[in-house]
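Report on the following structure.
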Amino acid sequence: MPETAAPTLSSSTCEKCASNLITERTAAPWCAHCEWQLDTFDAKRRPRELTWKWQDRVAFRMAYRLNAAQFTSLVGRPVHRPKWDLARATLAAISVVMLALIAALLWAGVDLLWHPTFGPQILIGIVLVLFAIELRPRLGRLPKRATPVNRKDAPELHRLIDDVSAALGARPPHIVLLTSDFNASAGAIGWRRRRVLRIGLPLWAALTPQQRVAILGHELGHFVNGDARRGPLTSLAFTTFARLAHLTVPARARFQGGSPSAALGGLLYPVFYVIFVCLNVVIAWINVGITCIGLRSTQRAEYYADAVGARLAGTTAMVETLDSLVVADSIARMVQRAARRSADPDRWLAAANETRDELRPRLPRLRQLSIRESASLFASHPPNGMRARMLESRPYEVGSLVLSSATAARIDNEIAGAYVEVSRMFAGR
C-alpha cells in the first residue's frame with residue numbers, strides 16, 4: 001500500500017511565524033507556512049554527490065539558492081526559449097578548450113608511441129592515449145533494455161507524437177522506445193544526432209490521456225528549448241570535468257592489490273593520497289563552477305518545456321503530471337505491484353489513481369520537501385514542487401491538443417505486447 005501516515009508535528013515551533021514545524025518521510029522538520037528551515041541540509045537523506053560531506057553541504061546551499069533565485073526571477077512571467085548569452089558562450093568556450101586538450105593528449109600519446117626513444121616514453125604514451133580516450137566526447141547510445149516501436153505497428157502513437165511535434169514546431173523523433181522505467185526522456189544520440197524519445201510504460205500507464213499529452217509536450221519540447229546540457233558542444237564542459245572529478249577520487253584500491261606495482265603503490269599510499277586529494281578538490285570545484293554557470297540556462301529550458309506542455313495539454317494536466325512526479329516513488333511502487341498481477345494498463349492506472357488520492361492531502365508538504373531533496377547542482381531538472389508552482393503562477397492554459405480516451409485506448413492496444421513484456425519483467429523480480 002502507498003504511504004498513508006500523516007505528517008508528524010514537531011514539538012518545536014517556527015522562529016519566524018510561530019507555526020508548528022512539520023516533517024514528512026522522517027525528513028528534518030520545517031515550517032509549512034513560511035518554509036523556514038526548508039533549506040536545511042539533511043545529510044541522512046541525501047546521496048553522496050562529491051567526495052566529502054562538507055563539499056556536499058556547500059554544493060547543496062549553492063543549488064538551493066540558485067533554484068530559489070531562478071524561481072523568483074521567472075515566477076508569474078512568460079518563459080521564453082533560452083538564447084545564446086554570456087553563460088552559454090562561456091560553456092561553449094570551455095568545451096572548445098577541452099576538446100582541443102583531448103586532441104592534444106591523443107596526438108602527444110600517439111607521437112610518443114610512434115617515435116619511442118626510451119622505455120618510459122612508451123608507458124607515458126599509453127597513459128596519454130588512454131586518458132584521451134577516457135575523456136572523449138560521448139554522444140549517447142540507445143539503451144540496451146528498450147523496445148523500439150515503429151509507425152507500422154503503432155500508427156496511433158506515432159500520429160500523436162507527430163501532432164505534438166507539429167504543434168511545437170519541432171521535428172518528430174527518429175526513434176521511439178518503450179522502457180520499463182517510471183520516466184520519459186528525449187534527446188539526440190550519435191554523430192548524426194538522431195532524435196530519440198523514450199517512454200517508460202509504468203509512467204505512461206499511470207497518466208490520464210491529457211497528462212500523456214503533457215508529458216509528450218514537455219519531452220519533445222527539449223528538441224526546441226535550447227538546453228545547454230543537451231547541446232553537442234556545450235555539454236562537453238559538463239561531462240569532461242565530471243569524469244576528471246571521478247577519476248581523481250582518492251581510494252586505497254587504486255594503489256593496492258597483488259601485483260608488485262600495486263604493492264609499491266600501497267607503500268606510497270600517503271603520497272598518492274595527498275596528490276589525489278588536491279587534484280580532486282580543485283577539479284571538483286571547477287566542475288561545480290561550470291555547473292553553476294549552466295544551471296540557470298538549464299532550469300530556464302526545463303521551465304520552458306513545462307510551459308510548452310501546459311500550452312498543449314492545459315495547465316491542469318501539466319500540473320497534475322508534475323505532482324505525480326513529486327510522489328513518483330509511491331506511484332511507481334504501486335504500479336509495479338499491479339503490473340506483477342496483470343498486463344492490463346487500466347489496472348496500472350487504477351493503482352496510480354488510488355495512490356494519488358491517498359497522498360493528495362499531503363501533496364503541499366511533499367511539494368515543499370521536493371524543493372529541498374531535489375536541490376542539486378547536478379540535477380537536470382528544477383525541483384518538481386517548484387515546477388508545479390511556476391505553472392500555477394501563470395495565466396491558466398486550456399490546452400490546444402486533446403487526446404480522447406478512445407484514442408488513448410487504441411494506443412495502449414497497439415503496444416499491448418510491450419505491456420506484457422514489462423509485466424513479466426516485474427513479476428520475475
Subject >> Whether E24 side chain and R365 backbone form a donor-acceptor pair below 3.5 Å >> reply: no

**OP:** Under the salt bridge (Lys or Arg N to Asp or Glu O under 4.0 Å) rule, collect the residues that match up with D111, sequence neighbours excluded.
**Re:** none

Subject >> Over 12 foreign heavy atoms within 6.0 Å of CZ, R347 >> reply: no

**OP:** For atom CH2 of W114, decide whether the heavy atoms of other residues, nucleotides or ligands shown that lie under 6.0 angstrom number more than 12.
**Re:** no

**OP:** Quick one: pull up CG in L391 and CZ in R387 and give me the separation to the nearest 0.5 Å.
**Re:** 8.5 Å

Original post:
Which pairs with one or both residues in residues 67-79 pass side chain to side chain donor-acceptor pair (under 3.5 Å), sequence neighbours excluded?
Top reply: N67-Q299, Q70-R296

Original post:
Atom CD in E354, atom CG in L359: separation rounded to 0.5 Å?
Top reply: 10.5 Å

Original post:
How far apart are the closest heavy atoms of T179 and P202, and which atoms are they?
Top reply: O-CD, 3.9 Å

Original post:
Can you tell me how far CZ of R61 sits from CG of L377, rounded to the nearest 0.5 angstrom?
Top reply: 13.0 Å

Subject >> salt bridge (Lys or Arg N to Asp or Glu O under 4.0 Å) partners for R360, two or more places apart >> reply: D357

Original post:
If we ignore angles and hydrogens, is there a donor and acceptor under 3.5 Å between the side chains of E49 and S376?
Top reply: yes

**OP:** Would you please name every residue forming a salt bridge (Lys or Arg N to Asp or Glu O under 4.0 Å) with R311, sequence neighbours left out?
**Re:** none

**OP:** Write down the atom of P172, the atom of S165, and the distance for their closest heavy-atom approach.
**Re:** CA-OG, 3.6 Å

Original post:
Mind checking what makes side chain to side chain donor-acceptor pair (under 3.5 Å) contact with Q37, not counting sequence neighbours?
Top reply: T40

Original post:
When you measure from the side chain of R212 to the backbone N and O of W204, does any donor-acceptor pair fall under 3.5 Å?
Top reply: yes

**OP:** Give a yes or no answer on whether the side chain of R193 reaches the backbone of A188 with a donor-acceptor pair at less than 3.5 Å.
**Re:** yes

**OP:** Keeping the roles fixed (side chain from R337, backbone from M334), state whether a donor-acceptor pair exists under 3.5 Å.
**Re:** no

Original post:
Nearest 0.5 Å, what's the CG-CD1 distance between L142 and I189?
Top reply: 3.5 Å

Original post:
Quick one: are L203 and D181 in side-chain contact, heavy atoms under 4.5 Å?
Top reply: no

Original post:
Between S324 and E320, is there a donor-acceptor pair closer than 3.5 Å when you use the side chain of the first and the backbone of the second?
Top reply: yes

Subject >> Side-chain donor or acceptor of H174 paired with backbone N/O of R195 under 3.5 Å >> reply: yes

Subject >> Basic-acidic side-chain contact under 4.0 Å: R25, D329 >> reply: yes

Original post:
Taking all non-hydrogen atoms of both residues, which atom of D42 and which atom of A28 are closest, and how far apart?
Top reply: OD2-N, 2.9 Å

**OP:** Could you tell me whether R171 atom CZ has more than 12 heavy atoms of other residues or ligands within 6.0 Å of it?
**Re:** no

Subject >> Pairs meeting criterion ring pair (Phe, Tyr, Trp, His ring centres under 6.0 Å) with involvement of residues 344-377, two or more places apart >> reply: W348-Y419

Original post:
Under 4.5 Å between any side-chain heavy atoms of L128 and F131, yes or no?
Top reply: no

**OP:** Go through the structure and list residues passing side chain to side chain donor-acceptor pair (under 3.5 Å) with E373, not counting sequence neighbours.
**Re:** R45

Subject >> Residue list, salt bridge (Lys or Arg N to Asp or Glu O under 4.0 Å) with R141, at least two apart or on another chain >> reply: none

Original post:
Can you tell me how far OG of S423 sits from CZ of R341, rounded to the nearest 0.5 angstrom?
Top reply: 11.0 Å

**OP:** Applying side chain to side chain donor-acceptor pair (under 3.5 Å), name anything that partners R48, two or more places apart in sequence or on another chain.
**Re:** D56

**OP:** Measure from the side-chain N and O atoms of R372 to the backbone N and O of L38, and report whether any donor-acceptor pair falls under 3.5 Å.
**Re:** yes

**OP:** Identify, with sequence neighbours excluded, every residue that meets ring pair (Phe, Tyr, Trp, His ring centres under 6.0 Å) alongside F41.
**Re:** F60

Original post:
Can you name the residues that form a side-chain contact (heavy atoms from CB on, under 4.5 Å) with A388, not counting sequence neighbours?
Top reply: V319, L322, D323, R367

Original post:
If you measure from CD on Q368 to CE on M386, what distance do you get to the nearest 0.5 Å?
Top reply: 11.0 Å

Subject >> Side-chain donor or acceptor of T355 paired with backbone N/O of I331 under 3.5 Å >> reply: no

Subject >> Over all atoms of both residues, closest heavy-atom pair of K16 and C34 >> reply: CB-SG, 4.0 Å

Subject >> Nearest heavy atoms of A214 and T321, plus distance in Å >> reply: CB-OG1, 3.8 Å

**OP:** For side chain to side chain donor-acceptor pair (under 3.5 Å), just list the numbers for W36 and E15, CA-CA rounded to whole Å, side-chain angles, deciding distance to a tenth of an Å, and then say yes or no.
**Re:** CA-CA 8 Å; W36 180 71; E15 294 183 4; 4.7 Å; no

Original post:
Do NZ/NE/NH1/NH2 and the carboxylate oxygens of R389 and E35 come within less than 4.0 Å?
Top reply: yes

Subject >> H33 atom NE2: more than 12 heavy-atom contacts under 6.0 Å >> reply: no

**OP:** Report the residues that fulfil side chain to side chain donor-acceptor pair (under 3.5 Å) with N353, sequence neighbours left out, ordered by chain and then residue number.
**Re:** R356

Original post:
Checking D344 side chain against D346 main chain: does a donor-acceptor pair fall under 3.5 Å?
Top reply: yes

Original post:
For A18, does its backbone N or O pair with a side-chain atom of T13 as donor and acceptor, under 3.5 Å?
Top reply: no

Original post:
Would you say the side chain of T316 lies within less than 4.5 Å of the side chain of M318, judging by non-hydrogen atoms?
Top reply: no

**OP:** Heavy atoms only: give me the nearest S374-A379 pair and the separation to one decimal.
**Re:** O-CB, 4.0 Å

Subject >> W30 vs L21 side-chain heavy atoms within contact, under 4.5 Å >> reply: no

